[in-house]
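To start, the structure itself, in C-alpha cells.
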Protein chains: 2
Amino acid sequence: MLKHTLVALLSVFSLFGVAQQPTVIEDFKPSTLNQPGKEYPMVNSQGYARFRVIAPEAQSVIVSLGLGGKGGTKLVKGADSVWTGTTEGPMDEGFHYYHLTIDGGIFNDPGTLNFFGSTRWESGIEIPAHDKDFYALKDVPHGNVQQVLFPSPSTNSVRRAFIYTPPGYGKDKNKRYPVLYLQHGWGEDETAWSNQGHANLIMDNLIAEGKVKPFIIVMTYGMTNEIKFGTLKSFDIKPFQTVLVNELIPYVDANFLTLSDRNNRAMAGLSMGGMETKMITLANLDKFAYIGLFSGGTFSMEDVNNTPGFKEKVKLAFVSFGSRELEHRWPGFGGGDPKENAEALKQAGINSVFYVSPGTAHEFLSWRRSLREMAPLLFK
Amino acid sequence: MLKHTLVALLSVFSLFGVAQQPTVIEDFKPSTLNQPGKEYPMVNSQGYARFRVIAPEAQSVIVSLGLGGKGGTKLVKGADSVWTGTTEGPMDEGFHYYHLTIDGGIFNDPGTLNFFGSTRWESGIEIPAHDKDFYALKDVPHGNVQQVLFPSPSTNSVRRAFIYTPPGYGKDKNKRYPVLYLQHGWGEDETAWSNQGHANLIMDNLIAEGKVKPFIIVMTYGMTNEIKFGTLKSFDIKPFQTVLVNELIPYVDANFLTLSDRNNRAMAGLSMGGMETKMITLANLDKFAYIGLFSGGTFSMEDVNNTPGFKEKVKLAFVSFGSRELEHRWPGFGGGDPKENAEALKQAGINSVFYVSPGTAHEFLSWRRSLREMAPLLFK
C-alpha cells in the first residue's frame with residue numbers, strides 16, 4: 001500500500017515535471033560554431049542543444065552544459081553505440097563554453113571549434129540570439145584583424161596583440177584613427193574578442209550603418225591567468241600596466257595610423273579585464289578619456305572623489321552587466337549597487353552610461369552587446 | 001627441455017630487441033606546441049614523445065602517433081588511474097598531427113594546441129629539428145599576419161585570407177612589395193601556413209638576416225577539402241582559380257601596397273596546393289613569374305613544351321620533397337622522377353631548382369624548409 005502510494009506520487013511528480021517543460025520543437029540545426037561539415041552539436045529555435053558523441057566503449061559521456069546545479073547533460077548510449085542527449089531546458093542566448101567528461105577525463109567535443117577560456121581551449125556552442133544580426137558576417141566592407149608581435153623589455157619577451165583596423169584603413173595615408181584597448185576576462189586571452197566576441201564583425205556592421213566613428217581596436221593578453229581566480233586581492237596590476245602603457249601603446253602609435261592624444265584613446269574590458277581597465281585608466285587619465293567596464297566592476301562617487309581629475313578628464317564612464325548577473329546579485333568586484341553608482345555619477349555631471357544585457361549572464365553575449373552599446377559613444 | 005629452450009630463445013630475442021632500441025634518455029620536456037601550463041605531451045632529445053592522459057574509467061587510450069604500421073602508441077593505465085606511454089622509437093623531426101582514440105572515439109589531447117588538418121582541428125606536437133632556429137620566434141623585427149574578409153561574387157560568399165606583411169610595412173607609403181600566394185594542402189585550410197607552418201617567423205628571420213627581399217604572403221582556402229582525397233582526377237580547378245585570380249588578387253592589389261605586375265607575383269603550394277599552383281600558374285603566366293611546388297608534383301619537359309611561353313616567362317620553377325617521400329617512391333601526382341625532371345629543365349635553360357628536405361616525410365617541416373629555400377630566390 002505504501003509502495004503504491006509512492007509510485008502514484010512519483011507518477012504525479014513525473015507528469016508535473018513533463019508539464020512544466022515546453023515541448024521540444026524538432027527544428028534542430030548545426031551550431032554556427034561547428035567544425036566544417038559537422039552536424040552536431042545542434043541547437044533548436046527554443047535554445048535547446050543536442051549533442052552526439054561517438055565513443056562506443058565508453059562508460060559515461062557527460063556534457064558540461066545544462067541547467068544550473070544538475071551537473072550537465074548526461075548522454076545516453078543508443079543501440080548504434082552512439083551517445084546522444086538534449087539539454088533539459090532551453091539555454092540562454094549567445095555563446096557558451098563547454099567540454100565533455102568521458103570516463104572521468106575532460107575532452108573537447110570533436111564537433112565544435114575551440115575557444116580559449118578557463119585557461120584552456122574549450123568547445124563552444126552558439127545559441128542564436130534574437131538580435132544576432134549585429135554580430136553576423138554580412139556583405140559589408142570588412143576591416144582586418146592582424147596579429148602583431150611586439151617587443152616587451154619589461155617581461156623579456158616578444159608578446160602578441162591582435163589589432164582590428166576598420167574598412168579602408170591605410171588607403172588614405174593621412175587619415176588617422178582613435179584607438180580602443182579592449183581586454184578579455186580571466187581564463188581567456190587575446191584571441192577571445194575576435195573569436196568568441198566577434199568584435200571585428202560588430203564594428204564592421206556598426207560602421208556600415210554609420211553608427212560609429214571608425215576606430216582601431218587593440219587586444220592583448222592581460223596576464224590575468226597567472227593567478228588563481230578567487231584571489232583577486234593578490235592581483236598586482238603593475239606588470240600588465242607596464243606592458244600596456246609603456247610598451248604596447250607606444251608600439252601601436254609608432255606602427256599604426258593612430259591619433260595618439262588622450263581624447264582619442266579608450267580602454268574597456270570584461271570581467272577581470274574590467275578590473276584591469278579601471279585600475280589602469282584611473283592611474284593614467286593623461287592617456288585615456290573613455291572607459292568601459294563590462295561585467296567588471298562599477299565607478300562609485302568614492303572612485304570619482306579619490307581620483308584627481310576624474311570629473312574633467314573622463315569623457316565616458318560606461319558600465320554594463322548581463323541581467324542575470326544582477327538577478328543573482330553578482331555585480332562584480334564589489335563597490336556598491338552598479339545602477340545606483342551610475343546614477344550618482346550622472347547626477348555629479350559625469351557622462352555615465354549604464355547598460356544591462358537582457359537575459360544573459362556572465363557570458364560573451366553580454367559583452368558583445370556591451371561593445372555594440374559603447375562603441376557609438378566613443379570619441380565624440 | 002623444449003620449454004627451457006623456448007624460454008632461452010625468447011630471452012635472446014628479447015635481449016636482441018632491447019639492444020636494437022637506443023636507450024631512452026630521460027630528458028623529456030613539454031612540446032613547444034602545448035597549451036599554456038601543460039606538461040604533456042613531452043619530447044626528449046632523441047625525438048621520443050611521451051603522453052599522459054587522464055581518463056580514469058576508460059577501457060583504452062591510444063595515441064595515433066607511433067612507428068609505421070603499428071597502430072600508434074597504446075597508453076597504459078597506472079596505479080594512479082592516469083594513462084601514460086612513450087613512442088616505441090624516435091620520431092622524425094618537425095610537426096606531426098595526431099589524435100587520441102579513447103574507448104573507440106576520436107578526441108584531441110587536452111594538453112596540446114589544435115591545428116587544422118585532415119579537415120578537422122587536430123592535436124599537434126613538435127619534435128625540435130636540428131635546424132629549428134630558422135622558424136623560431138626571435139627578438140627581431142616582426143611582420144604582422146592579418147585576417148582579411150574579401151567579397152567573392154563567384155561563390156556568393158565572404159571569404160577569408162591571411163596576409164603576412166613584412167616588418168615596417170606601411171611606414172613608407174611609397175614602398176610597395178612583391179606578393180607570394182601560398183597554398184596549404186588537402187585537409188588543411190588558410191590557417192595552416194601561419195599556425196603549423198610558421199611562415200611569418202621564417203620570413204621575419206630571413207629578412208633580419210638580409211637573405212630575402214621583403215615580400216607579402218597571401219594565404220587563402222584552396223577549396224581542396226570538398227573532394228575526397230584519392231579522387232584527384234575529379235578535381236576541378238576552375239572554382240578556386242576564379243576566386244584566386246579574379247577576386248583575391250584584385251582585392252589584395254587594391255588594398256595592400258603591392259607591386260602588381262607578373263614579375264612581382266609568385267605562387268607556391270604544398271601537396272594538393274602544389275597541384276593547384278601548377279594548374280593555376282601555367283594557365284596564367286601573364287600573372288605569375290615564380291612557381292613553387294612543395295611535395296606537390298614536378299615540372300617535366302612535357303609541361304614546358306605544352307605551355308606557351310614557359311621558357312620565357314617562368315623565372316623560377318622550384319620543386320621540393322621530403323627525403324622520405326623519395327625513399328618511398330611517392331613523388332606526388334605523377335609526372336616522372338622529380339629530380340630528373342628538374343635537371344632536364346635546367347639543361348633547357350630554365351631556372352629550375354630542386355630541393356630535398358633531409359629526414360622528413362610528407363609533413364610540415366619539409367614545407368617550412370621549402371619556403372626557407374625558395375624565398376631567397378624570389379623576385380630577383
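Labels below follow one simple rule: chain letters A, B, ... track the order of the sequence lines, proteins then strands, and each chain is numbered from 1.
Of the options B:Ile202, B:Asn205, B:Ile207, a side-chain contact (heavy atoms from CB on, under 4.5 Å) to B:Val212 is made by B:Ile207 and by none of the others.
Within the 6.0 Å centre-distance limit, the rings of B:Phe51 and B:Tyr98 are counted as a close aromatic pair.
Side chains of B:Tyr97 and B:Gln196: a donor-acceptor N/O pair is present below 3.5 angstrom, by distance only.
Between B:Phe95 and B:Phe115, the ring planes are perpendicular. Angles over 60° get that label, and only those under 30° would be called parallel. A:Trp121 and A:Phe116 have perpendicular rings, their planes meeting at more than 60° on a 0 to 90° scale where under 30° would count as parallel.
Residue B:Tyr169 does not touch chain A at all, counting heavy-atom pairs closer than 4.5 Å. B:Asn200 touches chain A through its side chain: at least one heavy atom from C-beta onward sits under 4.5 Å away, while N, CA, C and O do not. Proximity to chain B (any heavy atom under 4.5 Å) is shown, for A:Phe150, by neither the backbone nor the side chain. If you measure heavy-atom distances from B:Ile106 to chain A, the contacts under 4.5 Å come from the backbone alone. Only the side chain of A:Leu137 comes within contact range of chain B, judged by heavy atoms closer than 4.5 Å. If you measure heavy-atom distances from A:Val53 to chain B, the contacts under 4.5 Å come from the side chain alone.
Each of B:Thr101, B:Asp204, B:Asn255 has some count of heavy-atom pairs under 4.5 Å with chain A, and the biggest count is that of B:Asn255. When each of A:Ser194, A:Gly104, A:Ser60 is scored by its heavy-atom pairs under 4.5 Å with chain B, the top score falls to A:Gly104. When each of B:Gln59, B:His99, B:Lys38 is checked for heavy-atom pairs under 4.5 Å with chain A, B:Gln59 comes out on top. Between chain B and the residues A:Val61, A:Val158, A:Leu100, A:Thr119, the most heavy-atom pairs under 4.5 angstrom are made by A:Val158.
If you take CG on A:Leu113 and CG on A:Asn34, they are separated by 7.5 Å, rounding to the nearest 0.5 Å.
Here B:Lys138 pairs with B:Asp133 in a salt bridge; the nearest charged N to carboxylate O distance falls below 4.0 Å.
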